[in-house]
Colleague: 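Below you'll find the structure I mean.
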Amino acid sequence: MLDIQLFRDHPDLVREGLARRHQGTEAVDQVIEMDLLRRGLLQQVESLRAEKNQASKEIGQSKDPDQRQERITAMRALGDQLDALEKELAELEPALGALLGTFPNLPDERVPVGADDSENQVVKTVGDKPEFDFEPRPHWDIGPALGILDFERGVKLSGTRFYVLNGPGARLQRALISFMLDTITKHGYEERYTPFMVKEEVVYASGQLPKFGDNLYHDHEEDFWWVPTAEVPLTSLHKDEILEEGDLPISYTAYTPCFRREKFSAGREVRGIKRGHQFDKVEMYVFCKPEDSESQFERMLENAERICQLLGLPYRVMNQCTGDLGFAASYTADIEVWAAGCQEWLEVSSVSNVRDFQARRAAIRYRPEGGKGTRFVHTLNGSALGLPRVLIAVLENNQQEDGSVVIPEVLRPWMGGVEVIGPR
RNA sequence: GGAGGGGUGCCAGAGUGGCCGAUUGGGGCGGUCUCGAAAACCGUUGUGGUCCGUAAGGGCCACCGUGGGUUCGAAUCCCACCCCCUCCGCCA
């Protein structure tokens with residue numbers, strides 16, 4: 001949620017931000033207009049209320065029954081007038097709130113203008129792509145050949161874009177989750193296990209609603225939405241709370257499955273397990289003071305990179321352009337790992353500084369020490385990392401000519417000592 | 001799912017139509033006393049909106065689980081819903 005004050009004082013900043021995101025700016029004027037209307041109505045309503053409160057108080061104190069009755073009659077008339085204005089206000093306020101909720105966060109100046117992810121900028125590349133004296137195969141060949149990846153039965157159970165992991169494949173996935181959680185925890189993020197189904201207001205708070213409801217699964221009978229990322233429940237952990245400055249920064253990590261309808265990529269990228277309706281992810285999330293969000297971003301990015309380094313995966317860091325930038329983000333760095341079999345850079349993490357955008361939606365504030373009042377916190381989120389894609393890279397980059405896959409050293413403690421997954 | 005009890009400020013807990021933004025106690029903060037601390041005593045202690053003001057600050061409005069209703073006036077009465085506790089049923 002953008003600050004309404006921004007529309008009053010610096011509407012051009014809002015227009016400029018929208019334009020950089022290739023969005024129309026007409027709604028800005030609509031907000032300004034509604035805001036003016038609202039404040040005018042509010043003033044009328046409140047002065048009538050003040051009058052009514054005063055009169056009611058006097059009626060209570062009045063002893064003379066005739067005078068009492070006279071004033072009650074007068075107030076009844078004022079009440080009707082008030083009702084009409086209040087009704088108007090009651091329609092306008094939610095409408096303005098809803099409109100304001102459709103505005104994305106303003107992109108930071110550092111975000112390059114671009115149409116889509118093809119215009120993201122490479123910030124740096126770390127590690128060397130593995131070399132092979134044979135033709136490396138994609139995971140959709142390696143997995144089934146090893147008997148650890150079963151597409152047919154996934155489709156039998158749930159349809160396209162689903163799969164089943166078998167034996168050491170399932171265990172490798174579990175090992176990756178544990179390894180990531182344990183590593184991130186060591187960096188000072190406290191683990192949380194959250195619900196995977198949440199209320200609509202929770203999905204709204206992090207910004208996936210109202211605009212992206214099409215990409216979410218939800219129960220049509222109850223108010224349950226399946227989380228598309230742990231960012232959603234983590235944001236609302238402190239919804240409607242006022243935190244103490246001394247408690248900040250608060251850093252969380254959580255494993256959740258993620259559920260997405262992938263309506264916008266229908267028919268695309270269906271090969272393999274790169275994009276499914278259900279995938280696993282370990283997420284990092286930070287609540288901090290506004291002046292700290294810049295350094296927390298650096299920290300989070302480093303933490304995500306560290307996972308790639310420990311797994312021995314070559315990766316590159318990208319600066320997301322405005323066309324790819326998420327709704328809530330002010331700026332975002334993507335991490336992409338190289339997958340030798342499908343010959344692709346796979347996006348495995350997006351680290352975003354959301355600033356106060358989600359904090360406003362979720363009403364998450366803190367009390368500055370010594371100061372007065374409250375301020376909105378800044379929030380950041382980033383994956384560490386997205387799972388099936390890391391699994392893809394591990395399988396493809398560590399494959400051997402005989403079709404077996406060497407397990408990265410750091411994962412072996414979670415693999416029960418298994419060093420190589422061989423044909424079964 | 002059924003029966004009963006309950007949701008009030010940071011916490012505990014009073015309040016059943018006007019004197020209640022809300023008694024009181026605890027905690028927090030500031031102060032007096034003290035070499036210092038404890039105790040005692042005094043003071044203070046919610047959030048949001050809006051208007052005025054350069055600001056400090058001040059006025060007004062709203063908020064007692066949520067949403068409606070009754071009333072000149074609602075924490076208090078009525079209706080619906082949500083949540084918590086106890087017991088029963090069912091159940092991984």
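For clarity, every value in this text was computed on a predicted model and none was experimentally measured. In what follows, chains are A, B, ... by sequence order, proteins preceding strands, each numbered from 1.
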Colleague: Considering only atom P, compute the distance from B/G18 to B/U23 and round it to an integer number of Å.
Modeller: 15 Å
Colleague: Just how far, in rounded Å, is P of B/G48 from CZ of A/F376?
Modeller: 8 Å
Colleague: Under 4.0 Å from OP1 or OP2 of B/C29: is there any side-chain N or O of A/R367 that close?
Modeller: no
Colleague: C1' atom, B/G17 versus B/G27: distance in rounded Å?
Modeller: 33 Å
Colleague: Hey, what's the ring geometry for A/H277 with A/Y217, parallel, tilted or perpendicular (30° and 60° as the breaks)?
Modeller: perpendicular
Colleague: Using the test side-chain contact (heavy atoms from CB on, under 4.5 Å), find all partners of A/F212 that sit at least two apart in sequence or belong to another chain.
Modeller: A/F327
Colleague: Distance between the P atoms of B/G21 and B/G73, in whole angstroms?
Modeller: 15 Å
Colleague: Taking atom C1' in both B/U16 and B/A75, what distance in whole Å separates the two?
Modeller: 10 Å
Colleague: I'd like to know if A/R261 pairs up with A/D214 as an ion pair, taking the criterion as any Lys NZ or Arg NE/NH1/NH2 lying under 4.0 Å from an Asp or Glu carboxylate oxygen.
Modeller: no
Colleague: Determine whether A/F224 and A/H218 satisfy the following criterion, ring pair (Phe, Tyr, Trp, His ring centres under 6.0 Å), listing intermediate values before the conclusion.
Modeller: CA-CA 6 Å; A/F224 283 135; A/H218 75 278; over 10 Å; no
Colleague: Who pairs with A/E347 by side-chain contact (heavy atoms from CB on, under 4.5 Å), at least two apart in sequence or on another chain?
Modeller: A/D334, A/E336, A/S350, A/R389
Colleague: What does B/A3 pair with, Watson-Crick or G-U, if both distances are under 3.5 Å?
Modeller: B/U86
Colleague: Sequence neighbours left out, what passes side-chain contact (heavy atoms from CB on, under 4.5 Å) with A/R260? Give chain and number order.
Modeller: A/N215, A/P228, A/T229, A/E262, A/F279, A/K281
Colleague: Between B/U50, B/U47, B/C72, which nucleotide gets closest to the side-chain atoms of A/Q43?
Modeller: B/U50
Colleague: Across all strands shown, which nucleotide pairs with B/C41 by Watson-Crick or G-U wobble geometry, both distances under 3.5 Å?
Modeller: B/G31
Colleague: For residues A/N105 and A/S330, is any side-chain donor paired with an opposing acceptor at under 3.5 Å?
Modeller: no
Colleague: Among the nucleotides B/C72, B/G48, B/U50, which one has an atom lying closest to any side-chain atom of A/S56?
Modeller: B/C72
Colleague: Looking at RNA chain B, which of residues 200-207 of chain A put a heavy atom within less than 4.0 Å of it?
Modeller: none
Colleague: Return the pairing partner of B/A22 with a 3.5 Å limit on both distances, Watson-Crick or G-U wobble; otherwise return none.
Modeller: none
Colleague: Quick one: ring-ring contact (aromatic ring centres under 6.0 Å, His included) partners of A/F376, sequence neighbours excluded?
Modeller: none
Colleague: Return the pairing partner of B/C60 with a 3.5 Å limit on both distances, Watson-Crick or G-U wobble; otherwise return none.
Modeller: B/G49
Colleague: Measuring only the C1' atom in each nucleotide, how far is B/U76 from B/C90? A whole number of Å is fine.
Modeller: 39 Å
Colleague: Considering just the side-chain nitrogens and oxygens of A/R76, establish if one lies under 4.0 Å of OP1 or OP2 belonging to B/G73.
Modeller: no
Colleague: Scan residues 57-95 of chain A for pairs that pass ring-ring contact (aromatic ring centres under 6.0 Å, His included), counting only residues two or more places apart or in two chains.
Modeller: none
Colleague: On a whole-Å scale, what distance lies between the C1' atoms belonging to B/G4 and B/A22?
Modeller: 30 Å
Colleague: Sequence neighbours left out, cut at 3.5 Å: what donor-acceptor pairs do the side chains of residues 79-95 of chain A make with other protein atoms?
Modeller:
residue : atom : partner : partner atom : Å
A/E86   : OE2  : A/R49   : NE           : 2.9
A/E86   : OE2  : A/R49   : NH2          : 2.9
A/E93   : OE2  : A/R38   : NH1          : 2.8

Colleague: Could you tabulate the donor-acceptor pairs under 3.5 Å formed by side-chain atoms of residues 194-205 of chain A, not counting sequence neighbours?
Modeller:
none

Colleague: Is any side-chain nitrogen or oxygen of A/K52 closer than 4.0 Å to OP1 or OP2 of B/G73?
Modeller: yes
Colleague: Mind checking what makes side-chain contact (heavy atoms from CB on, under 4.5 Å) contact with A/L310, not counting sequence neighbours?
Modeller: A/F179, A/T183, A/R306, A/V410
Colleague: Quick one: which of B/G48, B/G73, B/C60 gets closest to the side chain of A/A50?
Modeller: B/C60
Colleague: Quick check: any donor-acceptor pair below 3.5 Å linking the side-chain of A/R68 to the base of B/G18?
Modeller: yes
Colleague: Under 3.5 Å between N/O atoms: give me all the protein pairs with nucleotides 62-68 of chain B, atom names plus distance.
Modeller:
residue : atom : partner : partner atom : Å
B/A62   : OP2  : A/N53   : ND2          : 3.4

Colleague: With respect to the phosphate group of B/G49, does any side-chain polar atom (N or O) of A/R39 fall under 4.0 Å of OP1 or OP2?
Modeller: no
Colleague: Check whether any side-chain nitrogen or oxygen of A/T73 sits under 4.0 Å from OP1 or OP2 of B/C72, and answer yes or no.
Modeller: no
Colleague: Identify the pairs formed between an N or O of the protein and an N or O of nucleotides 52-57 of chain B at a distance under 3.5 Å, and give each distance.
Modeller:
residue : atom : partner : partner atom : Å
B/G57   : OP2  : A/K372  : NZ           : 2.4

Colleague: Calculate the interatomic distance between A/I72 atom CD1 and B/U71 atom C1'; express it in whole Å.
Modeller: 9 Å
Colleague: Among residues 30-38 of chain A, which contact RNA chain B at a heavy-atom distance under 4.0 Å?
Modeller: A/R38
Colleague: Work out how far the C1' atom of B/C19 is from that of B/G25, and round it to whole angstrom.
Modeller: 23 Å
